[in-house]
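Just below is one structure, and these are the notes that go with it.
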Amino acid sequence: MERFKARLVIFGNLQVAGIDYTETFASVAKMTTMRVFLTVAAAKNWEVPQMDVHNAFLHGDLQEEVYLKLSPGFQVSVSGKVCKLKKSLYGLKQAPRCWFAKLSAALKGYEFQQSYSDYFLFCMNNGNIHLSVLVYVDDLIVTRNDSATILRFKAYLSVCFHMKDLGVLKYFLGVEIARSLDEFYLCQRKYALDIISEVGLLGAKPALVPMKQNHRLALSTSTLLADLESYRRLIG
Amino acid sequence: MQQPKEDHWHATLQVVRYLKQNPGQGILLSSKCDLRLHGWCDADWAGCLLTRRSLTGWIIFLGDSPISWKTKKQHTVSRLSAEAEYRSMAMTTCELKWLKGTLSSLNVLHTIPMLLHCDSQTTLHISHNPVFHDRTKHIEVDGHFVSDVIFSGILVPVLFPPRSNLQIFLPRHWENNNITL
């Protein structure tokens, strides 16, 4: 156990569309982009440090007017008072969107260009300095051709947000990343083992093929499954 | 999905047991890489037994590193196997063009043409021949799309021999994948 945490969270399910929130869409980076990013870093032999933002969703600025009932145990002299939110909180439907808007504004302020191919890829080409950042919610991976640039960039981000430097890239988007002199190796060993142990198949005989050929599963006439929940959890 | 049966559960468990065979298996992104895009595409004509729609399959390499792959059932029924191949070629071309864009954001300018490997001689002929006749009319959109990319010089289609190692990635070779890379 590293530490204890407490966090004030909003019941996002009580928010009313059009009043408490308008736009909530927030996408994430594609895995393919990550692989392209790492292949280029490997080919150019650039370092790939990783960073993480503390309490990312608390940084977002709220556009809508949202009120919060005081939490139980909070003493006020006059009853019937509520809080008006200025910044976003965890649990709000628009929190991820607010956070990404804030982060992309900060990156663009540092002369980054948002890629049209993947909106979560930010690149800066300034003469012979090249810096790229790939964002996944509150995780950032960076690559560059010059180490002074990266220090300046890290210093800039620390002014904007509360950053944590995670050092060399080891784990991103559920993928374990190992690097030797010549290559990156990407695998999902821990994730795969977690799935196998969850369904209790650690001792089972491995299968040679993932699926039988010429199956007709859509026409199956077998009995309905009783345990729907674990099936749905397993297929994601 | 709404009404899963026992059979579906067993099929899912088989996928998990397949994972168990080698959970630490992954991909290697090598530094000895010329950063050229190679696409390999194939189709399994009428591969879906219930709807007789075809499957598209592709894998794309950047240098020697695999970066993007997919198998997907096509939206329409193809009466010709060349038609299914052609649709798969068009989809792979889309992905290749997108990857080229992503690379240019990363300041890697892909000046040499990308290679698209395809195992159908017919499809290659159609893609090189801008004259369309009655038999290829119904795949006109995909046809024009691929031809345009080829004539603009950013893509070169190449024939790959049957039974090459890479075919194990492509849909119809799953059952007998005894080939090692």
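Within every chain, numbering begins at 1; the chains are lettered A, B, ... in the order of the sequence lines, protein sequences first and strands thereafter. Predicted, not measured: the structure shown is a model, and the values here were computed from it.
If you take OG1 on A:Thr223 and CG on A:Leu225, they are separated by 8.0 Å, rounding to the nearest 0.5 Å. With rounding to the nearest 0.5 Å, the separation of CZ in B:Arg87 from CH2 in B:Trp45 is 13.5 Å. Taking CE from B:Met89 and CG from B:Asp42, the interatomic distance works out to 11.5 Å, rounded to the nearest 0.5 Å. Considering NZ of B:Lys5 and CD of B:Gln3, their distance stands at 6.5 Å, rounded to 0.5 Å. For the atom pair CG of B:Leu28 and OG of B:Ser65, the computed distance is 7.0 Å after rounding to the nearest 0.5 Å.
Contacts between B:Leu50 and chain A at a heavy-atom distance below 4.5 Å involve the side chain alone, from C-beta outward. In this structure, no portion of A:Leu131 lies under 4.5 Å from any heavy atom of chain B. Both the backbone and the side chain of A:Leu38 have a heavy atom closer than 4.5 Å to some heavy atom of chain B. Within the 4.5 angstrom heavy-atom criterion, only side-chain atoms of A:Val199, from C-beta onward, approach chain B. Neither the backbone nor the side chain of A:Ser180 has a heavy atom closer than 4.5 Å to any heavy atom of chain B. Only the side chain of A:Ser132 comes within contact range of chain B, with heavy atoms under 4.5 Å apart.
The two residues B:Glu83 and B:Val77 come nearest to each other via the heavy atoms OE2-O, 4.0 Å. Nearest heavy atoms, B:Ile126 versus B:Ser147: O-OG, 4.4 Å. When all heavy atoms of A:Val142 and A:Phe37 are compared, the pair lying nearest together is C-CZ, 4.1 Å.
Counting only N and O atoms by type, the side chains of A:Ser230 and A:Asp227 include a donor and acceptor under 3.5 Å apart. A:Glu183 and B:Ser30 form no side-chain donor-acceptor contact under 3.5 Å, judged by distance and modelled atom types alone. Side chains of B:Gln74 and B:Thr56: a donor on one and an acceptor on the other come within 3.5 Å.
Against chain B, the residues from residues 40-47 of chain A that qualify, each with a non-hydrogen atom under 4.5 angstrom away, are A:Val40, A:Ala42, A:Ala43, A:Lys44 in number order. Contacts between residues 184-198 of chain A and chain B, counted as heavy-atom pairs separated by less than 4.5 Å, involve A:Phe184, A:Tyr185, A:Leu186, A:Cys187, A:Gln188, A:Arg189, A:Ala192, A:Leu193, A:Ile195, A:Ile196. For residues 92-112 of chain A, an interface with chain B (any heavy-atom pair closer than 4.5 Å) does not exist.
Looking only at heavy-atom pairs under 4.5 Å with chain B, the residue among A:Leu202, A:Leu219, A:Thr32 that has the most is A:Thr32. Contact count versus chain B (heavy atoms, under 4.5 Å) is highest, among A:Asp118, A:Asp182, A:Leu224, for A:Asp182. Listed options B:Ile60, B:Val15, B:Thr102, B:Asp34 were ranked by heavy-atom pairs under 4.5 angstrom with chain A; first place goes to B:Thr102. Between chain B and the options A:Ser220, A:Ala218, A:Ala207, A:Pro206, heavy-atom pairs under 4.5 Å are most frequent for A:Ala207. Interface remark: of the candidates B:Leu19, B:Leu99, B:Ile27, B:Val108, B:Ile27 forms the most heavy-atom pairs closer than 4.5 Å to chain A.
Side-chain atoms of B:Ser78 do not come within 3.5 Å of backbone N or O of B:Ser81 as any donor-acceptor pair.
Judged by the 6.0 Å distance and 45° axis criteria, A:Lys30 is positioned over the aromatic ring of B:Trp98. Taking the centre and axis of the six-membered ring of B:Trp9, the NZ or CZ atom of A:Arg232 falls outside the cone set by 45° and 6.0 Å.
For the pair B:Asp64 and B:Lys32, the salt-bridge criterion is not met [side-chain N within less than 4.0 Å of a carboxylate O].
By the 4.5 Å heavy-atom criterion applied to side chains, A:Met51 and A:Phe153 are counted as neighbours.
Residues passing the side chain to side chain contact (heavy atoms under 4.5 Å, CB included) test with A:Lys170, sequence neighbours excluded: none.
Aromatic pair B:Phe61/B:His38: ring centres not closer than 6.0 Å.
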